[in-house]
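Read the structure below first, then the notes.
Each chain gets a letter, A, B and so on, in the order the sequences are listed, and its residues count up from 1. Side chains are part of it too, since the values below use all heavy atoms of this structure and drop only hydrogens, waters and symmetry mates.
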Number of protein chains: 2
Amino acid sequence: MFSKACEYGIKAAIFIATKSYEGLRVSPKEIAEKINSPQAFTAKILQSLVRHHVVNSIKGAHGGFEIQKDRISEVKLAQIVKAIDGDKIYVGCGLGMEKCDENHPCPAHDKFKIVRDELKNMLENTTLEELALNIKSGTAFLKT
Amino acid sequence: MFSKACEYGIKAAIFIATKSYEGLRVSPKEIAEKINSPQAFTAKILQSLVRHHVVNSIKGAHGGFEIQKDRISEVKLAQIVKAIDGDKIYVGCGLGMEKCDENHPCPAHDKFKIVRDELKNMLENTTLEELALNIKSGTAFLKT
DNA sequence: TTTATTTCGGATAAATTTATCCTATTTATG
DNA sequence: CATAAATAGGATAAATTTATCCGAAATAAA
């Protein structure tokens, strides 16, 4: 569904959010440990999230990654996915055709449309807050 | 969503079906032309579809690929996807966690579940016949 | 102002996916 | 039986994604 980079990015953002509630910044090292991902690769993905204004980075000593508390409920899963994988999962054709719309559809266009609309809707309506609260409450996990 | 191989495989199966209605066998060359895919790579994918009994191949002179007419309405999109990409799109975790179920869910488990169930349902209930008929009727296309 | 800490970013490597090429094998037909 | 036509399959290459490494730049604190 999503690239590995995107999966790491989502989990990283969730972890950062849980720490940001406590006013804490976190390092790529801690993030990678908590979400079970390769550290250097995760750092690269974090840079991308910073550039797309999903999370905030503070350089230098006592730096790290954080998200402003009041932004946690504003950030949607869709923004994170778009920052890393782009929007092909929304706009692309399910069968990979370059041009696929109502006027020139692929044979499965209508079938895929239902699923993709559902996915789009889910991503656009799921906030980082919901996901982070699942972690804080202990009802969900970021690694096995 | 799916790999390129899978996209080609689905389109190839649809094209073969349209030809099989007319009692015609087709070559990888013709398939690749009609679905706009690399020929040799497409041939490899066809082998996989043959091994998974999605389509039938006849070797030697006057050979080619075909699907028995009465099987076209039986083959589901799910079988083709499973033959090429496996079933990770059904059973895997949306965030890539190895273990992710009701007892040990990822933070987005419930959110993903809705979408994936919808996808699974669509793939398991869409037949090759439906898709092939969209091509035969000229209401849909296999390339741009 | 020096030092320790930390993110940034470029270069590179490893792994996987996508794609090509060439030969072997199979089979209908003359 | 010989030949031509076709799929099967192994080896390899190209492209993309995933992952690592290391030095540069920024910043807080001594």
Side-chain angles (χ1 to χ4, degrees), chain A residues 1-13 15-16 19-20 24-33 35-67 81 83-86 88-89 92 95-96, chain B residues 1-13 15-16 19-20 24-33 35-67 81 83-86 88-89 92 95-96:
Chain A
M1 184 109 80
F2 305 126
S3 68
K4 279 246 169 259
C6 191
E7 291 173 359
Y8 296 152
I10 294 169
K11 287 189 278 192
F15 178 68
I16 295 168
K19 289 296 187 174
S20 290
L24 299 174
R25 292 170 187 166
V26 287
S27 65
K29 183 166 185 290
E30 185 181 3
I31 295 168
E33 278 163 7
I35 72 174
N36 195 34
S37 66
Q39 184 184 323
F41 189 46
T42 304
K44 285 267 185 275
I45 297 159
L46 288 168
Q47 285 181 36
S48 184
L49 291 181
V50 169
R51 278 193 292 269
H52 286 86
H53 309 103
V54 172
V55 302
N56 205 258
S57 74
I58 292 89
K59 294 182 200 171
H62 298 100
F65 296 87
E66 62 177 24
I67 307 183
V81 172
I84 302 173
D85 279 353
K88 62 176 184 288
I89 200 144
L95 296 183
Chain B
M1 184 110 79
F2 305 126
S3 68
K4 279 247 169 257
C6 192
E7 292 174 357
Y8 296 152
I10 293 170
K11 287 189 278 192
F15 178 68
I16 295 168
K19 289 297 188 175
S20 292
L24 298 173
R25 291 170 187 165
V26 287
S27 65
K29 183 166 184 290
E30 184 181 3
I31 295 168
E33 279 163 6
I35 72 174
N36 195 34
S37 67
Q39 183 183 323
F41 189 45
T42 305
K44 286 266 184 277
I45 297 159
L46 289 168
Q47 286 180 38
S48 184
L49 290 181
V50 169
R51 279 193 292 269
H52 286 85
H53 308 103
V54 172
V55 302
N56 205 258
S57 74
I58 291 89
K59 294 183 201 170
H62 298 102
F65 295 88
E66 63 177 23
I67 307 182
V81 172
I84 302 173
D85 280 353
K88 62 174 183 291
I89 201 143
L95 296 184

Atom [atom1] of [X] and atom [atom2] of [N]: how far apart are they, to the nearest Å?
| X | N | atom1 | atom2 | answer |
| --- | --- | --- | --- | --- |
| A:F65 | D:dA26 | CZ | P | 16 Å |
| B:R25 | D:dA5 | CZ | P | 17 Å |
| B:I16 | D:dT7 | CD1 | C1' | 12 Å |
| A:Q47 | D:dA25 | CD | C1' | 12 Å |
| B:E30 | D:dT7 | CD | P | 10 Å |
| B:K29 | C:dC21 | NZ | P | 14 Å |

Quick one: on DNA chain C, does B:S37 or A:P28 contact a more 5' nucleotide (nearest heavy atom)?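 So the residue in question is A:P28.
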At under 4.0 Å between heavy atoms, what does A:V55 touch on the DNA or RNA strands: base, sugar-phosphate, or nothing?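 Nothing, no heavy atom under 4.0 Å.
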Could you tell me whether B:R51 contacts a base, only the sugar-phosphate backbone, or nothing, with contacts defined as non-hydrogen atoms closer than 4.0 Å?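 Since only primed, P, OP1 and OP2 atoms lie under 4.0 Å of B:R51, the category is sugar-phosphate.
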Hey, is the side chain of A:S57 poking within less than 4.0 Å of OP1 or OP2 on C:dC8, counting only N and O atoms?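 Yes, within the criterion.
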Is the phosphate of C:dT7, meaning OP1 or OP2, less than 4.0 Å from a side-chain N or O of A:S27?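 So the side chain of A:S27 is outside the cut-off, no N or O lying under 4.0 Å from OP1 or OP2 of C:dT7.
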Between the protein and nucleotides 18-22 of chain D, list the N/O to N/O atom pairs that are separated by less than 3.5 angstrom.
| unit_1 | atom_1 | unit_2 | atom_2 | d |
| --- | --- | --- | --- | --- |
| D:dT18 | OP1 | A:K4 | N | 3.0 |
| D:dA19 | OP1 | A:Y8 | OH | 3.4 |
| D:dA19 | OP2 | A:Y8 | OH | 3.1 |

Quick check for you: to the nearest 0.5 Å, what is the distance between [X] atom [atom1] and [Y] atom [atom2]?
| X | Y | atom1 | atom2 | value |
| --- | --- | --- | --- | --- |
| A:D85 | A:S3 | CG | OG | 3.5 Å |
| B:K29 | B:Q39 | NZ | CD | 6.5 Å |
| A:C6 | B:L95 | SG | CG | 8.5 Å |
| A:L46 | A:F41 | CG | CZ | 11.0 Å |
| A:R25 | A:H62 | CZ | NE2 | 9.5 Å |

Evaluation steps, side-chain contact (heavy atoms from CB on, under 4.5 Å), between B:K19 and B:F65: CA-CA 9 Å; B:K19 289 297 188 175; B:F65 295 88; over 6 Å; no
Pick out which of A:I35, A:T42, A:I31, A:I45 makes a side-chain contact (heavy atoms from CB on, under 4.5 Å) with A:K11.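 It is A:I35; the other options fail the test.
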Assess the residue pair B:I16 and B:N56 against the criterion (side-chain contact (heavy atoms from CB on, under 4.5 Å)); give the C-alpha distance rounded to whole Å, side-chain angles, the decisive distance to 0.1 Å, and a yes or no. CA-CA 10 Å; B:I16 295 168; B:N56 205 258; over 6 Å; no
List the steps and the verdict of side-chain contact (heavy atoms from CB on, under 4.5 Å) for B:I84 and B:Y8. CA-CA 10 Å; B:I84 302 173; B:Y8 296 152; over 6 Å; no
In B/S/- notation (B base, S sugar-phosphate only, - none; protein heavy atoms under 4.0 Å), nucleotides 22-30 of chain C written 5' to 3' is ----BBSS-
